[in-house]
Amino acid sequence: MQSFDDVSTILRAAAQPLGAVTVPVAAAAGHVLAGDVTARLDAPRTAVSVMDGYAVRAVDLPGPFRLVGTAPAGTAEALSLSPGEAVRIFTGAPLPAGADRVLVQEIVSAEDGQARLVGQLGDDPFIRAQGSDFAAGAVLLHAGEAIDHRNIVLLAASDRAAVRVWRRPRVAIIATGDELAEPGTALETPGALPESVTLGVAALASSWGAAVIERRILRDDPALIAATGAELAALCDVLVIIGGASVGDRDFARHVVPQGGYSPLFEKAAIRPGRPIWAAKGGPGQYVLGLPGNPTSALVTARLFLAPLLHALGGGDYAAALDWVEAPLARPLPPAGGREHFARGIIEGGRAIPFDDQRSSAQATLARASVLIRQAAGSAAQPAGSSLPCLRL
């Protein structure tokens with residue numbers, strides 16, 4: 001069996017971005033930029049008012065002023081001020097030529113074509129200078145940045161209708177087991193178990209930038225597994241097979257690997273939970289990843305191996321998906337045993353709290369966990385206060 005670090009090195013070397021595509025900005029969220037993004041225009045395009053009020057020349061203060069026009073936001077009309085004049089202006093409207101001050105409407109009385117200062121004048125001119133947010137040609141976002149709800153605003157503000165990104169990996173998920181049933185149907189079938197893991201893995205894959213295109217539950221039938229594997233492998237970039245990877249008489253997961261053109265990347269890992277994880281690679285952009293069938297084992301290994309694989313295929317940095325942070329233990333951990341242990345727990349007050357229940361089948365405990373606490377293989381019991389690497393689950 002290979003160590004976690006060895007397996008990670010193998011996957012990292014095998015994972016290359018799937019190719020760049022151009023997508024509309026409206027559909028760009030969740031992608032990774034394939035190139036820098038520059039601004040097509042200044043923001044704001046000209047000096048604008050930040051308040052509703054009256055645009056004036058500071059040299060003419062304290063007034064009074066003759067009202068000579070109105071400037072709403074979005075106007076293309078070129079207004080200008082002569083000595084002693086003012087323009088009624090609204091938030092976001094371009095400043096008239098010659099104006100260098102906006103008097104907020106609360107301190108101005110306007111009637112009979114004149115504007116008079118009736119309140120106290122402060123220091124703020126209430127003007128946003130042209131290009132004060134960003135200038136045309138400025139690099140706003142860099143290649144390799146993930147597009148989220150925040151920077152998609154900046155993409156649109158740069159006046160770009162489309163953007164060059166790395167293609168999101170397409171994922172198909174198969175779970176095997178005669179005992180598995182879709183949630184909501186298991187109670188009516190003696191011996192059936194609700195199939196929960198594919199749903200969790202699909203949600204994790206989506207959160208790491210993948211497009212989940214298929215999710216299927218199969219009987220323990222080698223021919224069916226092989227046929228379905230071949231079908232889905234032709235449609236996706238990463239085929240995830242859950243369960244059936246141990247050494248029992250009915251562990252048929254390896255039948256999912258399409259015949260011809262696929263070679264193993266690794267078989268089993270010296271980790272707990274999740275030893276029966278395995279992977280194979282076909283041609284460019286073709287991967288099969290086998291996860292254990294127990295819910296906790298599947299989700300832990302998906303976070304450790306599937307998440308960084310998907311992140312790298314989508315143009316991100318493999319290592320960035322494994323951002324370990326040291327935290328002191330709030331309670332002791334027992335000895336790790338012969339395999340590296342990834343204990344489930346939470347972070348409270350900057351301290352890692354491992355759960356007492358570390359069974360690979362414990363779904364209620366899994367739902368409460370927020371971090372994985374990494375404990376080296378063969379390490380002795382770790383007392384409270386020991387600092388260990390933690391990974392957001």
Side-chain angles (χ1 to χ4, degrees), residues 7-8 10-12 14-21 23 27-32 146-147 165-177 180 182-183 195-218 225-245 253-258 261-262 264-266 274 276-293 295 297-318 320-322 393:
V7 170
S8 296
I10 292 168
L11 278 180
R12 184 176 185 176
Q16 300 296 325
L18 294 172
V21 295
V23 300
H31 289 83
V32 172
I147 303 172
V165 298
W166 295 110
R167 182 168 67 77
R168 295 173 64 188
R170 298 162 300 177
V171 172
I173 305 170
I174 295 173
T176 65
L180 301 179
E182 286 285 358
E195 197 291 304
S196 59
V197 185
T198 61
L199 295 169
V201 171
L204 181 144
S206 296
S207 72
W208 283 96
V212 179
I213 62 170
E214 286 282 350
R215 185 185 66 85
R216 297 194 190 175
I217 303 172
L218 302 181
I225 293 172
T228 305
E231 173 195 348
L232 296 184
L235 302 175
C236 69
D237 305 298
V238 180
L239 180 60
V240 179
I241 175 70
I242 300 171
R254 302 307 171 92
H255 291 280
V256 80
V257 179
Y262 279 78
L265 289 173
F266 62 87
I277 187 170
W278 57 277
K281 188 178 186 305
Q286 292 181 309
Y287 303 82
V288 178
L289 183 65
L291 304 180
S297 297
L299 266 294
V300 168
T301 51
R303 177 60 185 91
L304 292 174
F305 302 110
L306 179 61
L309 172 64
L310 294 176
H311 191 55
L313 294 178
D317 179 8
Y318 188 100
L322 296 172
L393 181 55

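Taking 4.5 Å as the limit, every side-chain heavy atom of C236 sits out of range of all side-chain heavy atoms of V171. Side chains of V32 and P17 form no contact here, defined as non-hydrogen atoms less than 4.5 Å apart.
Here H31 pairs with nothing under the ring pair (Phe, Tyr, Trp, His ring centres under 6.0 Å) rule; sequence neighbours left out. Considering only residues two or more places apart in sequence or on other chains, S207 meets the side-chain hydrogen bond (donor to acceptor under 3.5 Å, both in side chains) condition with none of them. Under the ring pair (Phe, Tyr, Trp, His ring centres under 6.0 Å) criterion, W166 pairs with no residue at all, not counting sequence neighbours. Residues satisfying the side-chain contact (heavy atoms from CB on, under 4.5 Å) criterion with L180, sequence neighbours excluded, are A175, E195, I217. Applying the side-chain contact (heavy atoms from CB on, under 4.5 Å) test to A307 and every residue at least two apart in sequence or in another chain returns L204, W208, R303. With sequence neighbours excluded, no residue satisfies side-chain contact (heavy atoms from CB on, under 4.5 Å) with A203. Residues satisfying the side-chain contact (heavy atoms from CB on, under 4.5 Å) criterion with I10, sequence neighbours excluded, are Q2, L265, F266. For T301, there are no side-chain hydrogen bond (donor to acceptor under 3.5 Å, both in side chains) partners two or more places apart in sequence or in a different chain. The salt bridge (charged side-chain N to carboxylate O under 4.0 Å, His left out) test applied to R216 returns E214, E231, not counting sequence neighbours. Residues forming a salt bridge (charged side-chain N to carboxylate O under 4.0 Å, His left out) with R170 (at least two apart in sequence, or on another chain): D237. Residues satisfying the ring pair (Phe, Tyr, Trp, His ring centres under 6.0 Å) criterion with Y287, sequence neighbours excluded, are absent altogether.
Taking CD1 of I174 as the start and CG of L291 as the end, the distance is 12.0 Å to the nearest 0.5 Å.
Taking each heavy atom of Y318 and F305 in turn, the nearest pair found is OH-O, 4.3 Å. Of all the heavy atoms in P308 and A321, the pair that sits closest is CA-CB, 3.6 Å. A298 approaches I242 most closely through the heavy-atom pair CB-CG2, 4.5 Å. Between I277 and G290, the closest heavy-atom pair is CG1-O, 3.1 Å. Annotation for P292 and G274: closest pair CG-CA, 3.7 Å, computed over non-hydrogen atoms. Smallest separation of non-hydrogen atoms from A205 and V212: CB-CG2, 4.0 Å.
Applying the side chain to side chain contact (heavy atoms under 4.5 Å, CB included) test between L232 and each of I241, V240, V288, L239 identifies L239 as the sole match. Of the options L289, L299, I173, a side chain to side chain contact (heavy atoms under 4.5 Å, CB included) to L306 is made by L289 and by none of the others.
Panel note: side chain R167, backbone A20; no donor-acceptor pair is recorded below 3.5 Å.
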